[in-house]
Student: 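Below is one structure. I have some questions about it.
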Amino acid sequence: MAENTEKYSSISRAEDSQADKCPTVAQLQSLLDSRRTSSSHRVDEVWPNLYLGDLNTANNRYELWKLGITHVLNAAHGRRYSEGNPDFYGTSITYHGVPANDVPEFDMSKYFYSASEFIHKALTTPGVRLLVHCVVGISRSATLVLAYLMIHHQLSLVQAIRTVQENRWISPNTGFLQQLLRLDEELQQTRLNQTRPLKNQHGEEG
């Protein structure tokens with residue numbers, strides 16, 4: 001894939017006036033539907049060396065070898081038909097499992113930071129290629145990829161969605177979208193606090 005990190009991160013806030021705002025779930029759903037397709041590829045590279053894919057890809061060790069996959073994050077760990085675990089992949093692939101259900105009531109947010117840290121640590125290692133997957137590769141796994149881009153690359157949720165949509169159609173369920181919105185608000189508030197000038201003991205900006 002010829003694109004590099006600079007190309008992906010070139011999406012500026014000026015290009016999308018909504019990026020600085022807090023969109024509603026309905027607006028996010030409209031954004032997702034704008035790229036809706038009747039079918040998705042089994043696997044796509046959505047960020048340099050980060051692949052988003054389905055269960056069939058993850059369960060095919062020969063296909064993973066052809067792709068050069070060295071790390072796997074399974075967002076359907078322990079679920080039906082999911083063979084992924086350290087024993088299945090052996091020593092050739094570093095594995096991380098997230099036992100998520102693809103239902104709006106499931107709290108995916110408790111895995112945002114641990115999954116993002118696994119992705120970040122992998123992608124900052126030379127020669128690594130990482131597959132993030134669930135069953136279809138559009139909801140659970142996509143949610144974790146979006147959280148990673150928001151946490152480690154300072155993208156807003158809208159920017160993260162648009163970035164992934166460049167290469168793959170995704171569709172996190174409404175509950176996951178609400179959780180990602182809360183993450184977006186928390187990250188924006190944290191960054192705002194970090195940029196505010198410190199005040200001295202007299203309440204004056206220093």
Side-chain angles (χ1 to χ4, degrees), residues 25 28-29 31-33 35-47 49-60 63-64 67 69 71-86 88-89 93-123 129-153 155 157-184 186-187:
V25 171
L28 291 175
Q29 194 62 63
L31 174 60
L32 292 166
D33 289 343
R35 293 294 184 93
R36 182 175 289 276
T37 178
S38 59
S39 63
S40 290
H41 298 137
R42 289 175 57 187
V43 61
D44 296 286
E45 188 177 12
V46 298
W47 188 263
N49 299 316
L50 195 169
Y51 293 77
L52 186 54
D54 65 3
L55 191 62
N56 288 331
T57 301
N59 286 347
N60 188 328
E63 187 167 352
L64 296 179
L67 288 170
I69 299 298
H71 289 63
V72 168
L73 194 168
N74 177 7
H77 176 76
R79 303 311 181 201
R80 193 176 184 184
Y81 306 125
S82 179
E83 299 178 28
N85 58 58
F88 176 76
Y89 292 113
I93 287 179
T94 301
Y95 176 85
H96 182 78
V98 172
N101 289 320
D102 189 16
V103 293
E105 297 78 22
F106 185 84
D107 184 10
M108 182 70 91
S109 65
K110 62 186 177 182
Y111 297 106
F112 283 169
Y113 283 91
S114 58
S116 293
E117 188 59 31
F118 176 80
I119 296 172
H120 181 68
K121 185 176 179 180
L123 294 182
R129 287 189 175 184
L130 167 71
L131 170 69
V132 183
H133 79 91
C134 47
V135 175
V136 182
I138 63 173
S139 182
R140 285 171 284 189
S141 53
T143 297
L144 293 179
V145 169
L146 293 173
Y148 160 71
L149 294 176
M150 294 161 67
I151 292 169
H152 284 283
H153 293 279
L155 299 186
L157 176 52
V158 169
Q159 289 174 316
I161 289 173
R162 289 191 181 280
T163 298
V164 174
Q165 282 181 325
E166 287 295 318
N167 294 284
R168 185 176 183 82
W169 173 64
I170 56 173
S171 184
N173 69 50
T174 56
F176 293 169
L177 289 178
Q178 290 172 337
Q179 294 167 42
L180 287 167
L181 275 173
R182 287 195 292 272
L183 175 66
D184 198 12
E186 292 167 3
L187 291 171

Student: In Å and rounded to the nearest 0.5 Å, what is the OG to CD distance from Ser109 to Gln178?
Tutor: 11.5 Å

Student: Within the 4.5 Å heavy-atom criterion, are Phe176 and Leu146 side-chain neighbours or not?
Tutor: no

Student: Are any side-chain N or O atoms of Glu83 and backbone N or O atoms of Asn59, one a donor and one an acceptor, separated by less than 3.5 Å?
Tutor: no

Student: Can you see whether Thr57 engages Asn60 through a side-chain donor-acceptor pair at a distance of less than 3.5 angstrom?
Tutor: no

Student: Using a 4.5 Å cut-off on heavy atoms from C-beta on, say whether the side chain of Arg35 contacts that of Glu166.
Tutor: yes

Student: Shortest non-hydrogen contact from Leu131 to Leu52?
Tutor: CD1-C, 4.2 Å

Student: List the steps, then state whether side-chain contact (heavy atoms from CB on, under 4.5 Å) holds for His133 with Asn74.
Tutor: CA-CA 5 Å; His133 79 91; Asn74 177 7; 3.1 Å; yes

Student: Give a yes or no answer on whether the side chain of Asn173 reaches the backbone of Gly175 with a donor-acceptor pair at less than 3.5 Å.
Tutor: yes

Student: Could you pull out the closest heavy-atom pair between Leu144 and Ala115, with the gap in Å?
Tutor: CD2-CB, 4.0 Å

Student: So how far is it from Thr143 OG1 to Arg140 CZ, rounded to the nearest 0.5 Å?
Tutor: 10.0 Å

Student: Backbone N or O of Ala142 within a donor-acceptor pair of the Arg168 side chain at under 3.5 Å?
Tutor: no

Student: Can you check whether Leu67's main-chain N or O pairs, donor with acceptor, with Arg129's side chain at less than 3.5 Å?
Tutor: yes

Student: Are there over 12 heavy-atom neighbours, none belonging to Lys110, within less than 6.0 Å of that residue's NZ?
Tutor: yes

Student: Please report the shortest heavy-atom distance between Ser141 and Cys134, naming the atom on each side.
Tutor: OG-SG, 3.1 Å

Student: Nearest 0.5 angstrom please: Leu123 CG to Leu50 CG, how far?
Tutor: 5.0 Å

Student: Between Glu45 and Asn167, is any pair of side-chain heavy atoms under 4.5 Å apart?
Tutor: no

Student: Between Gln165 (side chain only) and Leu31 (backbone N and O only), is there a donor and an acceptor less than 3.5 Å apart?
Tutor: yes

Student: State the NE2-NZ distance between His152 and Lys121, to the nearest 0.5 angstrom.
Tutor: 12.0 Å

Student: Do the side chains of Arg162 and Val158 get nearer than 4.5 Å, heavy atoms only?
Tutor: yes

Student: Are any of the side-chain heavy atoms of Phe112 and Leu180 separated by less than 4.5 Å?
Tutor: yes

Student: Checking side-chain contact (heavy atoms from CB on, under 4.5 Å) for the pair Val145/Trp47: CA distance, chi angles, key distance, verdict?
Tutor: CA-CA 9 Å; Val145 169; Trp47 188 263; over 6 Å; no

Student: Between CG of Leu28 and CD1 of Ile161, what distance do you get to the nearest 0.5 Å?
Tutor: 5.0 Å

Student: Shortest non-hydrogen contact from Tyr51 to Ile69?
Tutor: CD1-CD1, 3.9 Å

Student: Between Tyr111 and Phe118, is any pair of side-chain heavy atoms under 4.5 Å apart?
Tutor: no

Student: With sequence neighbours excluded, what pairs up with Glu63 under the salt bridge (charged side-chain N to carboxylate O under 4.0 Å, His left out) test?
Tutor: Arg42

Student: Tell me if a side-chain donor or acceptor on Gln29 pairs with a main-chain N or O of Leu177 at a distance below 3.5 Å.
Tutor: no

Student: So how far is it from Leu130 CG to Ile93 CD1, rounded to the nearest 0.5 Å?
Tutor: 10.0 Å

Student: Can you name the closest pair of heavy atoms from Met108 and Ala100 and give their distance?
Tutor: CE-CB, 3.5 Å

Student: Measuring only between side-chain heavy atoms, which start at C-beta, is Leu157 closer than 4.5 Å to Leu183?
Tutor: no

Student: Just so I know, are the side chains of Phe88 and Tyr95 near enough to count as touching, which here means a heavy-atom distance under 4.5 Å?
Tutor: no

Student: Check for a donor-acceptor pair, side chain of Ser82 on one end and backbone N or O of Gly78 on the other, with a separation under 3.5 Å.
Tutor: no

Student: Quick check: closest heavy atoms across His71 and Ala122, and the distance to 0.1 Å?
Tutor: CD2-CB, 3.8 Å

